[in-house]
Number of protein chains: 2
Amino acid sequence: MRKMIAASLASRVGHDRGYWNRRRWEARMKRVTIYAVAEACGVSASTVSRAFSRPEIVNDELRERILVTAREMGYQMNRAARGLATGRTGMVGLMVPDITNPFFPPLVRAIQQAAAQIDSSVMLVDADERASAEPELISRLKAQVDGLIIASPRAATGSLTEAVGGLPAVVINRTVPGMSAVVCDNSAALTEAGRHLQELGHRRVALIGGPAASWAARRRAAAIRAWAEKSEVELIELGSFGASYEGGREAAVAFAGSAATAAFAFDDLMACGVLAGLAEAGVPVPEARSVVGCDDVLLARTVTPNLTTVTAPVAELGRVAVDLLQQNLNGGAPEQIVLEGTLALRGTTGTPA
Amino acid sequence: MRKMIAASLASRVGHDRGYWNRRRWEARMKRVTIYAVAEACGVSASTVSRAFSRPEIVNDELRERILVTAREMGYQMNRAARGLATGRTGMVGLMVPDITNPFFPPLVRAIQQAAAQIDSSVMLVDADERASAEPELISRLKAQVDGLIIASPRAATGSLTEAVGGLPAVVINRTVPGMSAVVCDNSAALTEAGRHLQELGHRRVALIGGPAASWAARRRAAAIRAWAEKSEVELIELGSFGASYEGGREAAVAFAGSAATAAFAFDDLMACGVLAGLAEAGVPVPEARSVVGCDDVLLARTVTPNLTTVTAPVAELGRVAVDLLQQNLNGGAPEQIVLEGTLALRGTTGTPA
DNA sequence: TTGAAAGCGCTAACAC
DNA sequence: GTGTTAGCGCTTTCAA
């Protein structure tokens, strides 16, 4: 039977699309399947299949023998075939809004590693900072993965829900009704940063807002407002800027022109932009002004002076996201988990002039 | 026939592994297949299949009708099924040595976008900077993708070749016999940087070497040595350091203690480390010392003063990699393409004291 | 240009 | 505990 197939394939190869098909044909001929392994072991294909997918139900000795010969023969499971049979692809889709934003690479890494632990691979898509592209990208991913991890999506809740359409999904640093979520709550750490500024003697502090569409930006702003309200400090809100280095430089102008002696930037990228803008304007940090960032990306430690910021437990964020997804995959209900950021005091906060 | 299958599935659902299976069953029942579309259009499944995979061979009007109803019914191709039938997965594997190194995110993005253009998805794995893990990761990827893009691999040529084992593959910023490659050649730009330093008056320049295992590091070092040889400049080689910010800070000590007035760092990350190290030691840049980096990562523009460096055409690197891979996939022979880096003069080079 | 039918490699219900 | 068998959804001959 197998022989016949080989023969019929072989006959094809002479004509039609030439080299290309010949290569594919060769690749196939070489391919070791469970049937080949089964034959070599003198067992049925199902037994080989079980030896891999449910090892506990096959005789220990036999299983060992199968596994060994499989390895010797160079057998590698065809995941497409398994996927077709089980309806599971073994892949998780990961969408990030902008992989060049230094917050995401460590997260991507953590997710990829955690996924590997549960024998899944990560299919990555970058939304290239275009919120409107997100639903489309998600729909495309959807057909190829078992579940989705959506990092800090910018798109509207409704369009996200619709795009995801019931597929298990977990969002990171945002909540979306009906989906699992892991969020990093920086409120406490930001409040602590506020107290720290106050103790240093700051009485007027600026809030440099991030993109209006950002859920995280709103949360952070809310925490800071709440702190300002409770304290004796005057909060000067400096409107919203792009969550980028450039955005920060623009904000620096506004900040320098204001009466504030310290500023919270939405994130580290912006904070570094602010630092650069202040430097250009000849305003020394932390002598004349203080600035605090958020996220603790690589940049925060490489800028001089080192940025005072709020450290997010990125690796854990990733691990938890994969965990939650797996729970969903196994029929668990959506769940939300909150992790806490911690304040990292460094060189950009000091006593005001 | 289809009805029967549905019935038999339905009967399964009552017992066995409960909720989990029920969900899968529901997901399946909902799934729109080519058969459903075919029935709705009153044609055979093969015709629907052809309407998607080889549209040119089906009657224009009919094809339109099929495509429209497919969209209306929410049909989404099952790639596992196609993969099983064609032997192609529609995925390209992308391995990066360290996604948190700022050189890679823009590259990853470019690759993902280029892949999307040819209707492929990207499966990402991060080697977490462990050269020895690379072969294993590649082997795992191999079974699930049509081809591989391997960015700046650190592993030995032999183990790479073996791990890839004949699968179409293209390496980035390195050459491996038998594989396609795109490399960014920075020699000309580095030579130009050298001439620039010389014109500024530098007579002794340091070479801060990158990791010994890095192909790119060796190439860059070679270019710089060649330039020094031809010019009147004394080259002081400062041994090899880790390709990291920390590595750069260590190197800064050696640099500051040397007679060199300028230094080439292996890459921008190290260059920034050098900058930080010099700043700590109270050595002003570019007044006392000059430094030039390589790659032009985000960091190079955010550090103060902005880093003089060599800009790599990252986006093009990614596009070309995908192009080459596609050619390989279609039976083309391995090919190597060289792109040129360009010098970006910025703030870290100046007249020596 | 279209349809029928077989097969891609694996899983899982069922029988032994 | 293991074998038999019938699919998973798509592509691709081959015949009409």
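Please read these numbers as outputs of a predicted model, since none were measured by experiment. Order of the sequence lines sets the chain letters (A, B, ...), proteins ahead of strands, with each chain counted from 1.
- Nearest nucleotide to the side chain of A:Asn59, out of D:dG7, D:dC10, D:dG1: D:dG1.
- Residues A:Ile57 and B:Val48 both approach DNA chain D. Their nearest nucleotides, taken by heavy-atom distance, put A:Ile57 toward the 5′ side.
- Summarising the geometry, the separation between CD1 on B:Ile34 and C1' on C:dC8 is reported as 14 Å, rounded to the nearest angstrom.
- Residue-to-nucleotide contacts include a donor-acceptor pair under 3.5 Å from the side chain of B:Arg50 to the base of C:dG3.
- For the side chain to side chain donor-acceptor pair (under 3.5 Å) condition, the pairs that include at least one residue of residues 152-167 of chain B, sequence neighbours left out, are B:Glu129-B:Arg154, B:Thr157-B:Arg174.
- To the nearest 0.5 Å, atom CG of residue B:Leu94 and atom CG of residue B:Leu325 are 10.5 Å apart.
- Side-chain nitrogen and oxygen atoms of A:Tyr35 include none within less than 4.0 Å of the OP1 or OP2 phosphate oxygen of C:dG7.
- In the set D:dC10, C:dC8, D:dG7, D:dC10 carries the atom at the smallest distance from any side-chain atom of B:Tyr75.
- Following rounding to the nearest Å, A:Met77 (CE) and C:dC8 (C1') show an atom-to-atom distance of 15 Å.
- Here the P atom of nucleotide C:dT1 and the CG atom of B:Asp60 are 8 Å apart, to the nearest Å.
- In this entry the distance linking CZ of A:Arg31 with P of C:dG9 reads 8 Å, nearest Å.
- Within 6.0 Å of atom CD in B:Glu61, 12 or fewer heavy atoms from other residues, nucleotides or ligands are found, so the atom counts as exposed in its surroundings.
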Passes side-chain hydrogen bond (donor to acceptor under 3.5 Å, both in side chains), B:Ser49 versus B:Ser46? Steps please. CA-CA 5 Å; B:Ser49 170; B:Ser46 348; over 6 Å; no

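- Going from atom CZ of A:Arg82 over to atom P of C:dT11 covers 5 Å, rounded to whole Å.
- For B:Thr175, there are no side-chain hydrogen bond (donor to acceptor under 3.5 Å, both in side chains) partners two or more places apart in sequence or in a different chain.
- One interatomic measurement links the two molecules: CZ of A:Arg54 to P of D:dG1, which rounds to 12 Å at whole-angstrom precision.
- Straight-line distance from the CD atom of B:Glu64 to the C1' atom of C:dT1: 16 Å, rounded to whole Å.
- Pairs passing the salt bridge (charged side-chain N to carboxylate O under 4.0 Å, His left out) check and including a residue from residues 114-125 of chain B, sequence neighbours excluded, read B:Arg79-B:Asp119.
- Taking the side-chain hydrogen bond (donor to acceptor under 3.5 Å, both in side chains) definition, one finds that B:Asn78 meets it with nothing, sequence neighbours left out.
- Atom-to-atom, CZ of B:Arg79 to P of C:dC8 comes out at 22 Å; the value is rounded to the nearest Å.
- A:Ile99 contributes atom CD1, which lies 9.0 Å from atom CG of A:Leu107 (distance to the nearest 0.5 angstrom).
- Not one N or O on the side chain of B:Asp126 forms a donor-acceptor pair closer than 3.5 Å with the backbone of B:Val96.
- Residues from residues 39-47 of chain A that place a heavy atom under 4.0 Å from any atom of DNA chain D, listed by number: A:Val43, A:Ser44, A:Ser46, A:Thr47.
- In this structure, the helix from C:dT1-D:dA16 to C:dC16-D:dG1 shows an angle of 30° between the axis at its start and the axis at its end, each fitted on 5 base pairs and rounded to 10°.
- Minimum atom distance to the side chain of A:Thr33 is reached by C:dC10, of the listed C:dC10, C:dT11, C:dG7.
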